[in-house]
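Report on one structure; see the data block that follows.
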Amino acid sequence: MGDVTEKEMDNLTFKSDTVLSDVHIHCPNKRHLMVRLNAVGQPVFLSYFKLLWNTDDWASEKSGREATVEREHQYSSGDELCDKDRNNLKNERESNTEGLEALLDDDGDLEVVRRPQSTSDLEAEDLSRDRVYPVILMKGKEDAFEDEEECTCTDVVKIEHTMATPLEDVGKQVWRAAFLLADYVLFKRDVFRCCTVLELGGGTGITSIIMGTVANRVYCTDVGDDLLAMCEQNVALNKHLMEPGGGEIKVKELDWLKDEFCTDPEALFSWSEEEIADLHDHCTVIMAADVFYDDDLTDALFRTLYRITHNLKNSCTVFLAIEKRLNFTLRHMDITCEAYSHFRNTLNDLENLQDGKMKYNVEPIKPDFCQFLSYERIEQLELWKIIADQLT
């Protein structure tokens with residue numbers, strides 16, 4: 001840790017160019033364990049994301065197609081949480097708001113208790129908003145969370161990640177659109193059962209890990225040895241979730257700015273000729289979540305999509321999850337969604353492409369399916385499906 005003290009770690013500060021995912025802001029009562037510093041000195045945390053139902057029901061066997069379909073009909077659609085007992089959590093939400101009227105003033109406005117500008121440590125302890133206290137995992141302390149129920153269940157995904165990074169390292173964080181796509185995989189798990197899947201920009205690997213519980217093989221791809229090593233570590237942490245169904249996840253490098261797969265045998269996450277052939281012969285699903293934040297990278301991703309789908313033996317379905325982020329720009333002197341607008345324009349260009357080789361049918365997926373992960377499913381989250389058919 002060098003000169004960084006535990007007290008300093010309790011009060012994390014972020015620079016102006018820091019990008020911070022707000023996934024953890026909505027989990028105020030969760031403790032995060034700082035397990036190490038990565039190669040560039042960023043704190044790496046370990047978080048536990050609980051699936052709101054029992055994974056034993058669907059990961060125990062890959063032949064349970066009829067049972068799976070029957071279970072899916074037992075879930076109600078809509079943006080409602082489902083617990084592991086398949087009970088809708090809507091009633092629980094409503095019960096939590098019963099005392100809301102008592103918080104209203106004479107005009108009907110909600111009275112909000114605000115944090116004072118300055119307060120003593122003793123007063124701070126009485127505030128209802130919890131703070132995140134990173135704890136350094138020391139040698140011999142690997143069992144620090146063994147007493148917590150969620151860490152011993154089979155319905156918890158364990159993910160190592162960073163909390164705040166420069167823009168070039170955002171793949172090391174966990175983003176909300178990845179949860180939306182993971183929810184869809186769980187909701188339509190019978191559709192993905194036994195598939196070969198490619199994820200572009202897999203980041204920490206959380207969506208690939210969820211997909212790996214139902215699919216036959218997942219190629220989780222990104223760039224950067226440090227990020228890919230983190231992803232590989234997360235796959236290893238959750239290997240027990242994939243073993244019952246026999247799913248396999250391969251972490252590989254795939255640079256959208258290059259036209260070829262990395263086959264350098266000296267590279268840590270390179271492709272073998274057999275793996276490339278397997279992808280081309282068997283892949284029927286491609287997915288990407290929250291990777292549309294830079295116009296040049298968006299263009300590169302769509303070029304990669306075209307190149308790969310053109311070389312696939314079979315038709316392919318592409319799932320793209322995105323969060324529409326509003327930003328105030330000096331150029332427009334207004335709140336805009338430039339990255340999202342470019343994504344939509346590029347998506348339209350792909351659908352209107354007429355080259356005599358490929359046909360792409362694009363349609364939105366309404367995000368009202370059942371929710372299996374605890375996060376805020378805001379209206380800015382979108383999911384798109386692209387059917388890629390070869391014409392020749």
Side-chain angles (χ1 to χ4, degrees), residues 38-40 42 44 159-162 165-173 175 178 181 195-209 211-212 215-239 242 247-314 316 318-320 346 350 358 388:
N38 63 15
V40 294
Q42 297 166 341
V44 176
I159 297 293
E160 286 192 4
H161 61 95
T162 56
T165 64
L167 184 63
E168 60 268 20
D169 285 333
V170 292
K172 297 174 184 176
Q173 298 189 54
W175 298 94
L181 185 51
C195 288
T196 296
V197 180
L198 170 67
E199 181 173 15
L200 301 174
T204 62
I206 187 168
T207 308
S208 280
I209 289 168
M211 179 65 83
N216 181 51
R217 180 173 295 114
V218 181
Y219 290 98
C220 182
T221 68
D222 217 308
V223 292
D225 287 349
D226 194 47
L227 173 58
L228 292 170
M230 175 185 287
C231 181
E232 193 170 63
Q233 167 69 3
N234 287 331
V235 171
L237 285 173
N238 297 280
K239 187 177 180 180
M242 293 163 277
E248 179 185 21
I249 299 178
K250 291 178 174 285
V251 178
K252 298 293 176 182
E253 176 184 328
L254 184 55
D255 190 340
W256 309 337
L257 300 177
K258 298 179 180 178
D259 294 332
E260 301 295 336
F261 292 93
C262 175
T263 56
D264 181 1
E266 300 297 323
L268 291 176
F269 299 95
S270 63
W271 296 71
S272 68
E273 294 298 333
E274 291 77 13
E275 289 167 338
I276 296 175
D278 175 61
L279 179 74
H280 287 159
D281 289 345
H282 300 108
C283 179
T284 56
V285 175
I286 299 176
M287 61 181 184
D290 231 331
V291 296
F292 307 100
Y293 55 88
D294 178 88
D295 291 356
D296 291 336
L297 289 178
T298 296
D299 292 339
L301 180 137
F302 276 95
R303 286 196 300 269
T304 300
L305 269 180
Y306 175 81
R307 175 172 56 85
I308 291 178
T309 53
H310 178 72
N311 289 318
L312 295 180
K313 181 178 180 180
N314 304 298
C316 178
V318 183
F319 297 92
L320 305 177
T346 311
L350 183 70
M358 296 291 299

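In this chain, numbering begins with 1 at the start of the sequence shown.
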**Item:** Contact check, side chains of I159 and N238, non-hydrogen atoms, under 4.5 Å
**Value:** yes
**Asked** So, does N314 use its side chain to make a donor-acceptor pair with the main chain of D281 at under 3.5 Å?
**Response** yes
**Reference residue D278; test salt bridge (charged side-chain N to carboxylate O under 4.0 Å, His left out); the match among K252, R217, K313** = R217
**Request:** Please test T346 against L301 for side chain to side chain contact (heavy atoms under 4.5 Å, CB included), starting from the C-alpha separation and ending with a verdict.
**Result:** CA-CA 10 Å; T346 311; L301 180 137; over 6 Å; no
**Complete:** Closest heavy-atom pair, T284 versus C195, reported as atoms and distance to 0.1 Å, is OG1-SG, 3.8 Å
**Request:** Apply side-chain hydrogen bond (donor to acceptor under 3.5 Å, both in side chains) to S208 and list each qualifying residue two or more places apart in sequence or on a separate chain.
**Result:** E199
**Message:** Counting C-beta onward and ignoring hydrogens, is there a side-chain heavy-atom pair between L167 and D294 closer than 4.5 Å?
**Reply:** no
**Request:** Would you name the heavy atoms of L257 and A300 that are closest together and state the gap between them?
**Result:** CD2-CB, 3.7 Å
**Request:** Decide yes or no for D169 and D226: does some side-chain heavy atom of the first lie under 4.5 Å from some side-chain heavy atom of the second?
**Result:** no
**Message:** Using side-chain heavy atoms (C-beta onward) and a distance below 4.5 Å, is C316 in contact with M358?
**Reply:** no
**Prompt:** Which pair of heavy atoms, one from D290 and one from Y293, lies closest together, and at what distance?
**Reply:** O-CD2, 4.3 Å
**Asked** Out of curiosity, T165 OG1 to Q173 CD, how far, rounded to the nearest 0.5 Å?
**Response** 4.0 Å
**Item:** Test applied, side-chain contact (heavy atoms from CB on, under 4.5 Å); reference residue, W256; option that passes from V223, V291, D222, D299
**Value:** V291
**Fill in**
Here the gap from H161 atom NE2 to N38 atom CG, rounded to the nearest 0.5 Å, amounts to 12.5 Å
**Asked** Side chains of F302 and L320: closer than 4.5 Å at any heavy-atom pair?
**Response** yes
**Message:** Nearest 0.5 angstrom please: L227 CG to T204 OG1, how far?
**Reply:** 8.0 Å
**Item:** Note, M230 side chain near T162 side chain (heavy atom, < 4.5 Å)
**Value:** yes
**Prompt:** Do you know the tightest heavy-atom contact between E232 and V251?
**Reply:** CA-CG2, 3.9 Å
**Message:** Under a 3.5 Å distance rule, please check whether T298 uses its side chain to pair with a backbone N or O of F292 as donor and acceptor.
**Reply:** no
**E168 atom CD: more than 12 heavy-atom contacts under 6.0 Å** = yes
**Asked** Taking all atoms of both residues into account, what is the closest heavy-atom pair of Y219 and E275, and its distance?
**Response** OH-O, 3.6 Å
**Message:** As an exercise, state the distance from NE2 of H280 to OG1 of T309, rounded to the nearest 0.5 Å.
**Reply:** 10.0 Å
**Request:** Report yes if some heavy atom in the side chain of V40 is under 4.5 Å from a heavy atom in the side chain of K172; otherwise report no.
**Result:** yes
**Request:** Please tell me if the side chains of F261 and T221 come closer than 4.5 Å, counting only heavy atoms from C-beta onward.
**Result:** no
**Message:** Would you compute the distance between atom CD of E253 and atom OG1 of T263 and round it to the nearest 0.5 angstrom?
**Reply:** 10.5 Å
**Asked** With no hydrogens and no angle check, is any side-chain donor or acceptor of N234 less than 3.5 Å from a backbone partner on E160?
**Response** yes
**Prompt:** Which atoms form the tightest heavy-atom contact between V197 and A215, and what is the distance?
**Reply:** CG2-CB, 4.0 Å
**Message:** Working to the nearest 0.5 angstrom, can you tell me the gap between N311 CG and I308 CD1?
**Reply:** 8.5 Å
